[in-house]
Colleague: 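Please see the structure below; I have some questions.
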Amino acid sequence: MSHDDQRLSDPQHLGDPRQPGDLHQRSDLRQPADLRQPADLRQLVGRPEAPYLALLARGAPAEAYDRPVLLARADGAGPETLAALDAAKRLALRVRADLEGRRRREAELSALFETAHDLAGLRDLDAVLRAIVQRARSLLGTEVAYLSLNDLAAGDTYMRVTEGSVAARFQQLRLGMGEGLGGLVAQTARPYVTASYFEDDRFQHTSAIDSGVRDEGLVAILGVPLMLGSTVIGVLFAADRHPRVFAREEIALLGSFAAHAAVAIDTANLLAETRSALAELERANETIRDHSAVLERASEVHDRLTELVLRGGGVREVADAVSEVLHGAVEFADADSAEAAALRLGDSDGHALRHGEDWLAGVSAGGELLGALVLHGHAALDPVDRRTLERAALVTSLLLLARRSAGEAEQRVRGELLDDFLDAPGRDPRLLRERAARLRADLDAPHVVLAARTEGTDPGSAARRTAERRRIGSAAAYLAATRHGLASARDGGTVLLLPLGPGEVPAEVARQAAKQLSGALHEPVTVGASAVVTAPASTPAAVGAAYAEARRCLEALRLLGRSGEGAAAQDLGFLGLLLADARDIGGFVDRTIGAVVAYDRRRGTDLVRTLDAYFANGMSPARTREELHVHVNTVAQRIERIGRLLGPDWQCPARALEIQLALRLHRASPALTP
C-alpha cells in the first residue's frame, strides 16, 4: 500500500499511519483540487463519517473503506471511536452500493430510450422496419434477423431489411411464392420453423435461395407472417448459424411481435399516404385536417402503447392508457372469463366485436387466447377507436408472452441445472460445464450459494403461497440471469448460485441480494450465504453442502430478528454456529446469565434490561442512564449487583462476548421455543 493510499482520516484523505496522534487531529493533509476547502466537509472534521464522505465524493473503490478503521486501530483508538467508524463504514458502503445501482439503472434506461425512439418515431418506414428487425433479433437472441415484404405486382417476396447479415447475395434475395421457407410462409400465412434448413424437405429448395442461405451460413430458421387482417404483407425471420430448436413460446412470441410490427408498418404507410393526400388535395383543407387528426390520434395511441412495452409497463398500465384515450373503462379479463368465452364463440379473427353493451378485443398469440380487453361504456366505436382497442390487445399479448418467455424459460433452464448440482452431484462435470456455458455461466470460477425466503406472516391459502413462491422465484431468476448465475425454487424459498466478482465476499453478495429481492417483491426477503465454493463444476457435491450451510445461516438470521437482511454464516461467529448446529441454547443462556435472570424473576428487578443497555451503549454508565431514564447512581448500583452475580471477570472481552450472545438468545427465546 502506498503512502498516499493510507491518507484517509481527513474528509479529503487520511493521514500517514506512521505519524503519531489522534485520528482526527492530523495536520499533514493534502487536498485534491476537486475537494479543496469544502465548507460542508470542514464542518465534519473529527466526526467518524467524515473520511467516508470523502471516499464517496471521489468514488473510491470498496476496499478503500476498510482503511479508516485499520488506521484508527493502528493508532490505538478506543472502542467507541472504532465502533463509530465501523458504523459509518457500513452506512457509507450501503450508500455507495445504492449510487452504483442508480448509475447502472441510468445506463439501462439510456439504452432503453434509444430503442424506444426507433419505434416511437413512426415517420420513416425504413426506420420502423430496421427497429422491428433489431427488436426481433434481441427478443429471441439469434445471430441474424431479417424481414421481407411482398411485391404484389411481381407476385413474389423480397428481402427488405437485415440485421446481423454479412453476405451480399443473401441480402438481395427474391423468393417466389412457395419457394424456400420464406416463400412458403408468405404463401400459406402460417409460421414455419426448421432446425436444419438444408436437411428439411418440407419446402421447395431453389439454387438461388440455397446459395444465398449457404453464403450467410444459416442453419436454423424461424419465419412468421406479417398480417394485416387476412392479408400477408411480408415475413419476419429469426435465424442462427448453428442447429437450434425454437420453442413453442419463441414461435408465439415472434408471431405476436410480427402482428405488432405489421400494425407499425401499416401506421407508417398510412402516414405516408396521408402526406401524399395532403399534397394532392390542397383544395380540401378541412377534409384533410380531419383525416390527418384521425391518423395522428392513431399514431399517438400506438406510440404511447409502444413506449409502455419498451419501458416494461404492465397490463394494467395498457388498460389505463386505453381507458384515457377512448374515454371509457377498460379492463383485462383472463382466459377463463366469460368475455374470453364469448370471443371463442364469436370467431372474431383478431378484430374487436360487440358483446352486449361492451366491446371485446382478443389478447392472443400463436392461436392461444390469453384473455380479452373489455371496453365498457361505448354503444358504438368508430374504426379508429376499434383499431386502437385491437392494437392495445396486441400490445397486451406481447407483454404477457415476453414475460412468460423470459420468466418461465429462463427460470426453468437455470433451475434445472442448479437442481442437478443439488440432487445429482455425481453427474459428469464436463456436461455440467457445457450446459452452464450455454447460459453464459462460468462454473469454474468462485461462487457463493444463497438461500432466500420471504418473511410474510400471513400463511394465506395454498394458491397464495404458490403465487408468493412464483414471485420470489421469478425475482431470483432475474437476479441470477443478470449476474450469470443459477437459481431454483426450493424448500419453500429459492436457492441461488452466484459468481463472486473481484474483491467480493459472500456476505456482501448476500446483502445485495436481500436488498434487490426485497425491492422487487416489496416485502422483506432474508438471504443466507455459504462460504466460497471455489469451482462448482469441479466439485458438484460441494454445492449441496454449501446450500445446507446457507440455509442454516438463513435460519440463524431469522432467529436473531434480522429478517430482511443478508449475511454469510461466518459473519455470525459463535452465535451463528450455535443456532445453526442446534446446540443446547437454553443451557448456554442459563449458564451464562442465569443468575441475573433468576434474580430479576425473584426480586422483580430490571438487571437484564440494564445489562443489555450497558453493552448496547458501549459499557458507558452515562449513556446507559440516558437510555433507561434512571439516575446514574442507580445504574452504578445495578452494575455492582450484576458483577456480584456474574463474577469479577464479567467485563473482560471473552466473558463480555458470551454474555452479549446469551442476552441475544434470551431475547430470541420465544422464537427458539419448539
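Side chains included, hydrogens not; waters and symmetry mates left out as well; all remaining heavy atoms used. The residues of the chain are indexed from 1 along the displayed sequence. Since the structure is predicted, the reported quantities are computational estimates derived from the model, not experimental observations.
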Colleague: Please report the shortest heavy-atom distance between Asp419 and Ser488, naming the atom on each side.
Modeller: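 Looks like OD1-OG, 2.8 Å.
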
Colleague: Specify the closest pair of heavy atoms between Leu56 and Tyr65, including all atoms of both residues, with the distance to one decimal.
Modeller: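 Nearest pair, atom of Leu56 first, then Tyr65: CD2-OH, 3.3 Å.
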
Colleague: Where the side chain of Arg453 meets the backbone of Leu554, is there a donor-acceptor pair that is under 3.5 Å apart?
Modeller: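 It does not hold such a pair.
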
Colleague: Assess whether atom CD of Glu80 is packed by more than 12 heavy atoms of other residues, nucleotides or ligands within 6.0 Å.
Modeller: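 At most 12 heavy atoms, drawn from other residues, nucleotides or ligands, come within 6.0 Å of this atom.
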
Colleague: Keeping the roles fixed (side chain from Arg96, backbone from Ala60), state whether a donor-acceptor pair exists under 3.5 Å.
Modeller: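 Answer holds: yes.
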
Colleague: Report the C-alpha distance between Lys515 and Gln512 in whole Å, list the side-chain angles of each, state the deciding distance to 0.1 Å, and finish with yes or no for side-chain contact (heavy atoms from CB on, under 4.5 Å).
Modeller: CA-CA 5 Å; Lys515 181 178 180 180; Gln512 292 177 3; 5.7 Å; no

Colleague: Is it true that a side-chain atom of Ser530 and a backbone atom of Glu549 form a donor plus acceptor pair closer than 3.5 Å?
Modeller: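 Between the backbone of Glu549 and the side chain of Ser530 there is no qualifying donor-acceptor contact (under 3.5 Å).
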
Colleague: Evaluate the side-chain proximity of Val543 to Leu422: yes if any heavy-atom separation is below 4.5 Å, no if none is.
Modeller: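 The answer is yes; the side chains approach within 4.5 Å.
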
Colleague: Donor-acceptor pair, Thr454 side chain versus Val525 backbone, under 3.5 Å?
Modeller: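 A pair under 3.5 Å: no.
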
Colleague: Do the side chains of His666 and Asp612 get nearer than 4.5 Å, heavy atoms only?
Modeller: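 Side chain of Asp612 against side chain of His666, heavy atoms only: no contact under 4.5 Å found.
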
Colleague: Does any part of the side chain of Thr539, heavy atoms only, come nearer than 4.5 Å to the side chain of Thr534, both counted from C-beta?
Modeller: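 With C-beta onward as the side chain, the pair stays apart.
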
Colleague: Could you measure the distance from the CG atom of Asp428 to the CG atom of Asp420? Nearest 0.5 Å is fine.
Modeller: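 Nearest 0.5 Å value for the CG-CG distance: 12.0 Å.
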
Colleague: For the CD1 atom of Ile593 and the CD1 atom of Ile659, what is their distance to the nearest 0.5 Å?
Modeller: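 So the CD1 of Ile593 and the CD1 of Ile659 are separated by 8.5 Å.
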
Colleague: If the plane angle is over 60° it's perpendicular, under 30° parallel, otherwise tilted; pick one for Tyr614 and Trp650.
Modeller: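 Correct class here is tilted.
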
Colleague: Salt bridge or not between Asp98 and Arg94? Use side-chain N to carboxylate O under 4.0 Å.
Modeller: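 No, no charged N to carboxylate O under 4.0 Å.
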
Colleague: If I compare all heavy atoms of Val527 with all of Ala513, which pair ends up nearest, and what's the gap?
Modeller: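 Reported closest heavy-atom pair: CG2-C, 4.2 Å.
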
Colleague: Going by an N to O cut-off under 4.0 Å, is there a salt bridge joining Arg558 and Glu555?
Modeller: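 Between Glu555 and Arg558 there is a salt bridge, with a charged N closer than 4.0 Å to a carboxylate O.
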
Colleague: Do you know the tightest heavy-atom contact between Ala546 and Val449?
Modeller: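 That would be CB-CG2, 3.6 Å.
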
Colleague: So how far is it from Leu497 CG to Phe421 CZ, rounded to the nearest 0.5 Å?
Modeller: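 So the CG of Leu497 and the CZ of Phe421 are separated by 7.0 Å.
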
Colleague: Can you see which heavy atom on Leu55 is nearest to which on Ala64, and at what distance?
Modeller: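 Looking at all heavy atoms of both residues, the closest pair is CD1-O, 3.8 Å.
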
Colleague: Could you check Thr610, Thr605, Leu607, Val596 and say which one makes a side-chain contact (heavy atoms from CB on, under 4.5 Å) with Arg641?
Modeller: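 Going through the options one by one, the only one that passes is Leu607.
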
Colleague: Is Arg623 reaching over with its side chain to a backbone N or O of Asn617, donor-acceptor style, under 3.5 angstrom?
Modeller: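 Judged by distance alone, yes, a pair lies under 3.5 Å.
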
Colleague: Are His447 and Leu486 close enough, and set up right, to give a side-chain contact (heavy atoms from CB on, under 4.5 Å), and what steps lead you there?
Modeller: CA-CA 10 Å; His447 280 64; Leu486 306 176; over 6 Å; no

Colleague: Contact between Arg655 and Leu646 at the side-chain level, heavy atoms closer than 4.5 Å - yes or no?
Modeller: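 They are in contact (side-chain heavy atoms under 4.5 Å apart), so the answer is yes.
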
Colleague: List the steps and the verdict of side-chain contact (heavy atoms from CB on, under 4.5 Å) for Tyr52 and Leu85.
Modeller: CA-CA 9 Å; Tyr52 296 104; Leu85 282 170; 4.0 Å; yes

Colleague: Give, for atom CD of Glu640 and atom CG of Leu645, the distance between the pair rounded to the nearest 0.5 Å.
Modeller: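 Here the interatomic distance stands at 11.0 Å.
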
Colleague: Decide yes or no on side-chain contact (heavy atoms from CB on, under 4.5 Å) for Asp86 and Lys89, but give the supporting numbers first.
Modeller: CA-CA 5 Å; Asp86 188 68; Lys89 181 189 77 172; 3.9 Å; yes

Colleague: Could you pull out the closest heavy-atom pair between Cys553 and Ala567, with the gap in Å?
Modeller: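 Heavy atoms of Cys553 and Ala567 come nearest at SG-O, 3.2 Å.
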
Colleague: Measure the spacing between CG of Leu611 and CE of Met619 and express it to the nearest 0.5 Å.
Modeller: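 Here the interatomic distance stands at 10.5 Å.
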
Colleague: Between Asp491 and Gly493 (side chain of the first, backbone of the second, donor and acceptor by atom type, cut-off under 3.5 Å), is there such a pair?
Modeller: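 Side chain of Asp491 to backbone of Gly493, a donor-acceptor pair under 3.5 Å: no, none is there.
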
Colleague: Short question: side chain of Arg483, backbone of Pro499 - any donor-acceptor pair under 3.5 Å?
Modeller: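 Yes, because the side chain of Arg483 sits within donor-acceptor range (under 3.5 Å) of the backbone of Pro499.
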
Colleague: Does any non-hydrogen side-chain atom of Asp442 lie less than 4.5 Å from one of His484?
Modeller: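 Heavy-atom side-chain distance check fails, nothing below 4.5 Å.
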
Colleague: Would Arg609 and Asp600 pass as an ion pair if we require N to O under 4.0 Å?
Modeller: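 Result for this pair is no, no salt bridge flagged.
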
Colleague: Between Thr482 (side chain) and Leu479 (backbone), is there a donor-acceptor pair under 3.5 Å?
Modeller: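 Yes, the answer is positive, given that a donor and an acceptor are paired below the 3.5 Å cut-off.
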
Colleague: Could you grab the distance from atom OG1 of Thr592 to atom CG of Leu663, nearest 0.5 Å is fine?
Modeller: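 So the OG1 of Thr592 and the CG of Leu663 are separated by 9.0 Å.
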
